[in-house]
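Only one structure is covered here, and it is reproduced in the block below.
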Amino acid sequence: MRRVVITGLGAISPQGNDRESTWAGVCAGKSGAGPITQFEASTWPVKFACEVRDFKLSDDALLPQHHKYLNRPSEFGLAAAHEAMMDSGLCVKASGANGPIEKSIACDPELFGISIGAGIGAVSPKELASMLRSLAADGNYAELGRVVQEQTESRIFLRNHPGTLAYLLSARWNAQGPVTTVHTACASSGQSIGQAMLQIQRGEADVILAGGADSLAGELLLAGFCLLGALSRRNDDPKKASRPFDRDRDGFVASEGAAMLVLESRDRAVARGAKIYAEICGFGETESAFRITDLPPDGRGTVEAMQQAIAMAGLTPAEVGYVNAHGTSTEVNDRVECHAVQRVFGEERTDLCVSSTKSTTGHLISAAGALELMFCVLALRDQKVPPTINLENPISGCLFDFVPHHEKAFSREKPLRAALSNSIGFGGSNSAVLVKSHEDSQAEVGP
Amino acid sequence: MPNAVTASAIKASPADIEEKVIQVIADSLCVDSSSISLKSNLMRDLGAESIDFLDIMFRLEREFNIKIPQREIERLARGGLAPEEFEVNSILQAKGAERMRIILPELNAEELRAGLPLRELPSLFTVEVFANIVKRKVASGDLDTFVPIHGDAPSTMV
Amino acid sequence: MKMRRVAITGIGISTAVGDDLLTNISSWREGRTHFGAVAAASGLLGTAVKYAGECPEPPASRLPDRKVKKILTRKDVIGLVTALEAASDAGIRPGTQNFDPERFGMYVGAGSTQIKDLTPYFPLVRQCVQGGVFDSLKFGSEMMDLVNPMVVLQTLMNNTLCFAAIALDIRGVNSNFMDFNVSGLRAVGEAFRSVQTGRADLCLAGGVASPVEPFHVGTGVNSGYLARSAELSWSAAEILRPYDRERCGTVLSEGAAFLMLEDEGHAVSRGARILGYIDGYGAGSDGPVEFMHEESAPGLSGSVKRACREAGVDVEGKLFAPDLIIGHGNGVMRSDSVELNAYLSTIAPGTPLASIKAVTGELGEAAGVASCIAAVDALLQNSVPPTINFSGNFAADDPHAFSISPLAQACPSTRQALITQRSILGISCSLVISKS
């Protein structure tokens with residue numbers, strides 16, 4: 001079974017439009033929440049979210065003819081992928097008349113794949129209204145197709161479909177191997193990355209660009225989650241609203257962004273002298289099979305996913321130093337997840353760091369798993385873990401270290417060697433992905 | 001906005017209201033209305049889960065032209081109490097239980113006591129709780145007024 | 001890692017001719033088209049599309065729980081019922097299994113939402129968009145009163161997976177793919193991998209699509225992908241013409257198809273009936289190839305090679321020689337061309353090639369899985385299903401190398417079938433199924 005490592009990282013988040021500013025912001029405990037700016041939300045039941053700011057997609061990130069297929073999440077995904085690919089060293093540059101140009105990717109296209117956790121992608125209210133406007137006032141549905149055919153650009157279908165981003169990436173980077181789109185709500189990119197790891201282990205690809213992209217900041221999706229009562233209503237203090245594991249948590253904070261990781265066969269990475277961030281070696285994947293929205297109170301599904309990931313990595317729970325929790329800041333998730341972590345790691349693990357970066361980033365839904373795994377990788381690189389902010393009254397009965405308020409550094413005597421990222425999906429899919437230090441990396445890795 | 005319909009226009013007797021509430025719950029949970037009584041417990045007898053509470057509230061609002069805002073029970077229940085008087089680590093305290101009994105007198109007083117985990121509150125709800133919420137909202141006259149003994153299902157979403 | 005042999009032990013399918021397996025199979029054997037005039041309720045009056053495949057309403061008695069109808073859209077009801085049928089066909093029924101649920105997985109290829117699924121938003125959206133401007137303040141102040149809170153749950157795109165897992169107590173490996181119309185075949189391929197490598201002992205796998213609705217059809221017509229059946233003189237039985245010179249586009253159909261995949265040892269020990277084996281799987285992408293303007297399909301040829309190599313398909317020179325191909329053949333001009341050329345570089349000339357899409361329509365996420373079922377039948381019958389409407393005339397530049405016929409083709413000995421499906425954005429999956 002081949003070993004798999006991570007050789008490139010890229011991110012777009014409310015903390016910043018690249019990997020390092022995202023990481024710095026999260027470690028500094030900077031909340032990305034604020035009043036919604038993408039539309040007028042002062043009358044909305046929830047008036048705030050975490051939004052990506054000052055973002056502009058560079059032309060390098062996609063093929064010129066593909067601008068017509070873009071929506072907000074796919075722009076984030078393309079940008080994060082571009083950063084990750086540039087970071088990986090796989091792009092072979094040649095000298096052009098006006099300086100270096102990217103020539104090709106140092107990988108056989110047939111062994112280069114894409115694996116994306118993609119967001120729901122809803123049409124905008126304006127698009128929907130323009131489809132509906134020509135209907136009679138009684139909403140006679142019978143001729144809606146004619147209206148769409150006559151008045152709607154065909155590309156709107158592709159623009160709003162979860163599967164389009166993977167195609168845009170395969171086209172931009174000429175990936176002719178397995179190209180996959182996963183949508184299992186919050187578990188999407190945890191699964192897309194874990195499944196990519198398995199594909200490389202099995203030899204179906206040598207390199208896979210894997211990650212996720214999402215945006216809940218669109219009107220119809222945000223409305224949907226408001227209606228479910230799943231979002232925090234702390235309108236008077238958005239930066240305090242996402243408070244995973246805290247007594248006063250009241251729901252999650254919608255967010256947006258993307259994270260992309262370059263997964264590569266270890267032998268190949270070592271042979272080309274790539275900088276290696278970490279080894280990815282554990283993946284657990286389960287279905288809760290319980291209820292539509294309620295979680296099994298005993299943490300079933302989540303427990304097994306973590307146990308599978310740790311076992312696959314050939315480790316024991318004692319060897320894992322950090323868990324990046326799903327930690328959405330809802331009453332149910334955080335309570336059940338604490339219980340699940342205790343069942344896996346034991347109640348006495350006071351040294352186990354368990355933080356939820358959703359306290360700063362908010363919930364990126366389909367991109368959450370990827371972004372949070374990236375934080376696990378950077379935690380290994382920098383030997384420090386990001387905090388859970390807003391933790392003023394933690395859930396009692398859990399003795400692990402929630403890393404409240406401030407980042408925590410590991411010492412040389414007791415380094416962080418393995419970290420695990422949890423995702424507990426709406427609809428029952430759970431994923432847990434484990435990364436560990438790559439001891440014999442060839443090159444120095446640094447920010 | 002629901003149309004501004006006054007209570008007098010509804011002219012629904014308590015018995016009418018009860019019958020309609022039973023029908024709404026039957027439709028929402030896809031069970032036979034003949035299998036539902038006022039004492040039926042939604043979760044334990046009728047198989048409801050937390051998402052069904054949201055749906056039932058929405059349907060009741062439409063049926064009776066009333067508003068039952070999300071989380072109002074909680075806000076009501078906690079009003080004026082220090083957080084730790086209401087609950088500690090999501091376990092209902094004595095003063096919290098007392099307050100809940102005032103707000104929702106239909107709930108089983110034996111079960112609604114200190115020591116009850118908050119998340120188990122929905123499991124105490126019977127059809128009668130919903131019927132009485134509707135009756136009080138309808139009887140208040142001004143349907144938009146927030147009346148202290150009204151409320152809604154606790155939010156238990158992931 | 002010890003690779004285990006993966007058997008097919010159950011089948012479920014729902015199409016316009018209903019959910020009886022034999023009815024579906026005989027429609028392919030005999031070349032009887034499923035689709036007819038679109039129902040008025042589907043919202044396609046006045047479009048360029050007159051024909052489509054639409055499933056009969058799934059009976060409420062087949063639902064595991066009456067409440068699911070409140071939450072599930074039409075697509076997911078069809079998907080759920082079909083998935084349960086495949087499990088039942090394999091002898092797996094809720095509450096009666098005696099194996100570890102963590103060893104039971106599920107993979108789904110899911111189609112995207114219909115415009116009708118957004119109905120809860122319609123009245124308010126219409127009120128709030130005036131003159132092309134969206135009044136978000138009005139929307140925000142009224143949405144809690146006017147929009148049903150269930151709408152997000154109804155439109156979750158992993159609902160078939162979620163509900164089937166609850167009904168069958170599936171707790172193992174799982175995923176939900178959304179790569180357009182290759183997703184169902186991908187689900188079967190990934191399920192194959194999971195059982196093969198020991199991550200699961202059983203896996204339910206398949207796809208569901210419900211595209212006969214205004215958004216899919218309206219946009220599909222404009223791209224040129226769909227045959228403009230309301231404007232052409234072809235009848236419903238003639239309109240979808242895979243590989244034929246006169247082909248004019250595809251016909252969308254609604255449906256679902258699921259297989260139960262199982263470790264051979266596990267199947268034998270519980271006395272399950274084995275319908276066939278999956279012995280090879282490959283996936284590939286065309287990269288920068290443009291929808292409706294493709295010049296080649298390297299992802300398809302790559303996936304064919306990988307699947308055939310893994311399955312140990314006979315080789316003639318440098319080309320693979322499966323006994324038959326159930327191909328993609330969706331009747332779209334460029335798509336069929338690049339497909340035939342992809343086979344030219346990978347498959348021995350003379351290999352029988354068939355597409356059942358002339359009969360079923362393009363079932364989208366369920367298509368490749370339906371083709372797998374047709375392949376299982378073809379292997380057992382030693383007969384390749386007809387590609388109806390193939391006149392014998394190829395389009396200019398299309399290779400003539402393969403044996404395509406509007407009649408069933410007898411195959412003296414069948415051992416292995418190749419199944420292919422290629423998405424509108426050039427992502428392909430190929431599977432090799434061996435006779436049981």
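Residue numbering restarts at 1 for every chain, and letters A, B, ... go by the order of the sequence lines. Side chains are part of it too, since the values below use all heavy atoms of this structure and drop only hydrogens, waters and symmetry mates.
Using a distance-only test at 3.5 Å, with no hydrogens or angles considered, no donor-acceptor pair links the side chain of A:Glu285 to the main chain of C:Ser175. C:Asn176 contributes a side-chain N or O that, together with a main-chain N or O of A:His183, makes up a donor-acceptor pair within less than 3.5 Å. One N or O on the side chain of C:Tyr121 and one on the backbone of A:Leu220 form a donor-acceptor pair closer than 3.5 Å.
Residue A:Lys126 places its NZ atom among 12 or fewer non-hydrogen atoms of other residues, nucleotides or ligands, all under 6.0 Å distant. Summarising the local packing, CD of A:Glu40 is surrounded by 12 or fewer heavy atoms from other residues, nucleotides or ligands at distances under 6.0 Å.
By the 4.0 Å N-to-carboxylate-O rule, A:Glu204 lies close enough to C:Arg193 to be salt-bridged with it. A salt bridge does not link A:Arg202 to C:Glu310: none of the charged side-chain nitrogens sits closer than 4.0 Å to a carboxylate oxygen.
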| A:Met131 and C:Phe215: side chain to side chain contact (heavy atoms under 4.5 Å, CB included), yes or no, with the steps? | CA-CA 9 Å; A:Met131 284 185 253; C:Phe215 193 55; 3.8 Å; yes

| said: Between A:Ser170 and C:Ser285, is the side-chain hydrogen bond (donor to acceptor under 3.5 Å, both in side chains) condition met? List the steps. | reply: CA-CA 7 Å; A:Ser170 81; C:Ser285 164; 3.3 Å; yes

| task | Go through the steps for C:Arg199 and A:Leu198 under the test side chain to side chain contact (heavy atoms under 4.5 Å, CB included), then give the verdict. | result | CA-CA 11 Å; C:Arg199 293 179 76 220; A:Leu198 295 176; 3.3 Å; yes

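Here the side chains of C:Glu102 and A:Glu304 are in contact, with some heavy-atom distance below 4.5 Å. For the pair C:Met106 and A:Glu287, the minimum side-chain heavy-atom distance is 4.5 Å or more.
For C:Ile166 against A:Arg291, the heavy-atom pair with the smallest separation is CD1-C, 3.7 Å. Scanning both residues, A:Ala289 and C:Ala165, for their nearest heavy atoms gives CB-O, 3.4 Å. In plain terms, the two heavy atoms of C:Asn158 and A:Phe426 that are nearest each other are ND2-O, 3.3 Å. The nearest pair of heavy atoms linking A:Leu227 to C:Met144 is CD2-SD, 3.8 Å. Heavy-atom minimum distance, A:Gln149 versus C:Ala48: OE1-N, 2.8 Å. Listed here is the closest heavy atom pair of A:Thr43 and C:Ser136: OG1-O, 3.9 Å.
In terms of heavy-atom pairs under 4.5 Å with chain A, the best-connected choice from C:Pro101, C:Cys128, C:Ala283, C:Ser183 is C:Ala283. When A:Lys47, A:Arg155, A:Gln65 are compared by the number of non-hydrogen pairs under 4.5 Å with chain C, A:Gln65 comes out ahead. Heavy-atom pairs under 4.5 Å with chain C peak, among A:Thr152, A:Leu128, A:Asn174, at A:Leu128. Note on A:Glu150, A:Met1, A:His66: by heavy-atom pairs under 4.5 Å with chain C, the leading option is A:His66. For the options A:Ser429, A:Pro125, A:Ser188, heavy-atom pairs under 4.5 Å to chain C are most numerous at A:Pro125. Counting heavy-atom pairs closer than 4.5 Å to chain C, the top-ranked of the candidates A:Gly428, A:Gly301, A:Ala223 is A:Ala223. The greatest number of non-hydrogen atom pairs below 4.5 Å with chain C, out of A:Ile116, A:Leu169, A:Leu158, A:Val123, is found for A:Leu158.
The distance from the CZ atom of A:Phe39 to the CG atom of C:Leu137 is 10.0 Å, given to the nearest 0.5 Å.
A parallel orientation is assigned to the rings of C:Phe180 and A:His161, their planes being inclined by less than 30° (bins at 30° and 60°).
With a threshold of 4.5 angstrom between heavy atoms, C:Leu124 does not approach chain A through any atom at all.
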